[in-house]
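Quick caveat: nothing in here was measured; it's all calculated off a predicted structure.
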Amino acid sequence: MRPRPPINGRGIFSGTGLIITGLAATLLAMIFPIWSYADRSGTGLDTLNAETVSTGYGPLSALDRDFVTKVRLAGLWELPAGQQARQKGATPAVRTAGQHLVEGHAFLDERVRDVAGKLSLALPNEPTEQQQEWLATLDAAEGVEYDRQFANILRLAHGKVFSVVAQVRASTRNTLVRKLADDANTTVLDHITVLEATGYVDFDALARDMVADSTPPLTPSPAPPGPTADPAPAVPMTPPPSPSPSYTLPPAATSPRADDSEDFGESEDYDEYVVS
C-alpha cells in the first residue's frame, strides 16, 4: 500500500488557530472574574439590598434590626444588674453607677418598644444565655469582689454595644433607628463613664477582651426577622420608664483606684482585686 500523505493543520489545530484560541482563552479569563463578581450574590451591596425592607420611615436594613434587638437585650439584663448594684454595691460609686443603669435602660426600653411597634418588629423578652451567665456571676459575688465584677463585666458589655451604636448611627437610612441610635449613644457613653469612675475597671484586660472579640465570625449570624403582620408586644421592664434620665456623675474618689494600693495594705494584697 502506498503511504498516506501528511495531513496539513487546519482550523483551530493550525498554528494560527492555536494562537487565536489562546488569545480568546486569555481574554475570557480576564473578563470572567469581573462578570462573576458583579453578578454573584454575597457582595456587600447585594447582601444589603437582599436584607433591607421598605418602611414608612425609610429603608430598614438587617443591621438596623440587629441594633434594635441589641438595645432591647441590653436592657433586659443591665437594668436588673443596676437594681442589684444599688443594693449590693460596697461603695457609693458602684451604687450610683447602678442607678444610672436603671434610669438609662428604663428610658431606652421605652424608646425601643416604641420604635419596634412603629416598625412592626418583634422583640425578645428574655436575656441571652451569656447575659444570664453574667447575672449569675454577679449574684454569687459579694463585697469588693462584687464591685470589681460589676464594673468590669458591665464595662465590657457597654464597650461592645458602643461600637454597634456608632456603626448604625453612621449608616442607617431609617429615621426612627437614627434617633434611637442618638439616644443609645448618649446613654451608653454615660454608663461607660460612671463604670470607669468606680475605679475598678481593668483597662488592660478590657483591651485584650475587645481585641479577641474583634475577629469576625466565619459564618455571620442570621439577620433578625423583618416587620411582621402582628408582632407580639414586648413586655415592659420594671421599674416604669422615666420620661428621660435624670442622673449625675459620681465622684471617682469614693472607690479604690489602681494607684491607691495603700488602701488595701501591702501591694501584693491589692493584686487579688485586679482582673488578670
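Distance check, rounded to the nearest 0.5 Å: CG of L156 to CZ of R208 gives 12.0 Å. Once rounded to the nearest 0.5 Å, the distance linking NZ of K118 with OG1 of T175 reads 9.0 Å. Atom CG in L73 sits 10.0 Å away from atom CG in N125 (nearest 0.5 Å). Atom CD1 of I153 sits about 9.0 Å away from atom CZ of R148, to the nearest 0.5 Å.
Of all heavy-atom pairs spanning V53 and P227, the tightest one is CG2-CD, 3.5 Å. When all heavy atoms are compared, the tightest approach of W77 to P127 is CB-CB, 4.1 Å. In terms of heavy atoms, G82 sits closest to V102 at C-CG2, 3.5 Å. The shortest non-hydrogen separation linking V168 to A181 is CG1-CB, 4.5 Å. Closest approach of G98 to A85, counting heavy atoms only: CA-CB, 3.9 Å. For the residue pair A90 and V144, the shortest heavy atom distance occurs at CB-N, 4.3 Å.
No donor-acceptor distance shorter than 3.5 angstrom exists from the side chain of D64 to the backbone of T172, with no hydrogens or angles considered. Judged by distance alone, the side chain of R95 and the main-chain N or O of G89 form a donor-acceptor pair under 3.5 Å. Side-chain atoms of Q99 never come within 3.5 Å of backbone atoms of R86 as a donor-acceptor pair (strictly under, hydrogens ignored). Between the side chain of R65 and the backbone N or O of E51 there is at least one donor-acceptor pair closer than 3.5 Å. No donor-acceptor distance shorter than 3.5 angstrom exists from the side chain of R155 to the backbone of E196, with no hydrogens or angles considered. Panel note: side chain Y200, backbone Y146; no donor-acceptor pair is recorded below 3.5 Å.
Contact annotation: the side chain of L101 approaches that of L154 to within less than 4.5 Å [non-hydrogen atoms, C-beta and beyond]. At a threshold of 4.5 Å between non-hydrogen side-chain atoms, the residues T96 and H100 count as touching. With a 4.5 Å cut-off on side-chain heavy atoms, T52 and L60 do not count as touching. Under the 4.5 Å side-chain criterion, counting only non-hydrogen atoms from C-beta, V115 is not in contact with V71. In this structure the side chain of T55 never reaches within 4.5 angstrom of the side chain of L176, judged on heavy atoms. Side-chain contact check for D147 versus T198: every heavy-atom pair is 4.5 Å or farther apart. When side chains are defined from C-beta on, Q131 does not count as touching E126, because their heavy atoms never get closer than 4.5 Å. Looking at L195 and F150, their side chains come closer than 4.5 Å, going by heavy atoms from C-beta outward.
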Verdict with supporting geometry, N185 and R169, side chain to side chain contact (heavy atoms under 4.5 Å, CB included): CA-CA 9 Å; N185 180 73; R169 183 60 182 82; over 6 Å; no
Verdict with supporting geometry, L180 and V112, side chain to side chain contact (heavy atoms under 4.5 Å, CB included): CA-CA 7 Å; L180 180 62; V112 74; 4.0 Å; yes
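Every residue was checked against the side-chain hydrogen bond (donor to acceptor under 3.5 Å, both in side chains) condition with S171, not counting sequence neighbours, and none meets it.
Taking a cutoff of 4.0 Å between a charged side-chain nitrogen and a carboxylate oxygen, R178 and D182 do not qualify as a salt bridge. The residues D183 and K179 are annotated as salt-bridged, a charged nitrogen and a carboxylate oxygen being separated by less than 4.0 angstrom.
When E110, E78, Q83 are each tested for a side-chain hydrogen bond (donor to acceptor under 3.5 Å, both in side chains) with H105, only one passes: E78.
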Return a table of donor-acceptor pairs under 3.5 angstrom between the side chains of residues 134-141 and protein atoms on other chains or two or more places apart.
| unit_1 | atom_1 | unit_2 | atom_2 | d |
| --- | --- | --- | --- | --- |
| T137 | OG1 | E133 | O | 3.1 |
| D139 | OD1 | Q84 | NE2 | 2.5 |

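Of the N and O atoms on the side chains of T69 and D66, not one donor lies less than 3.5 Å from an acceptor on the other residue.
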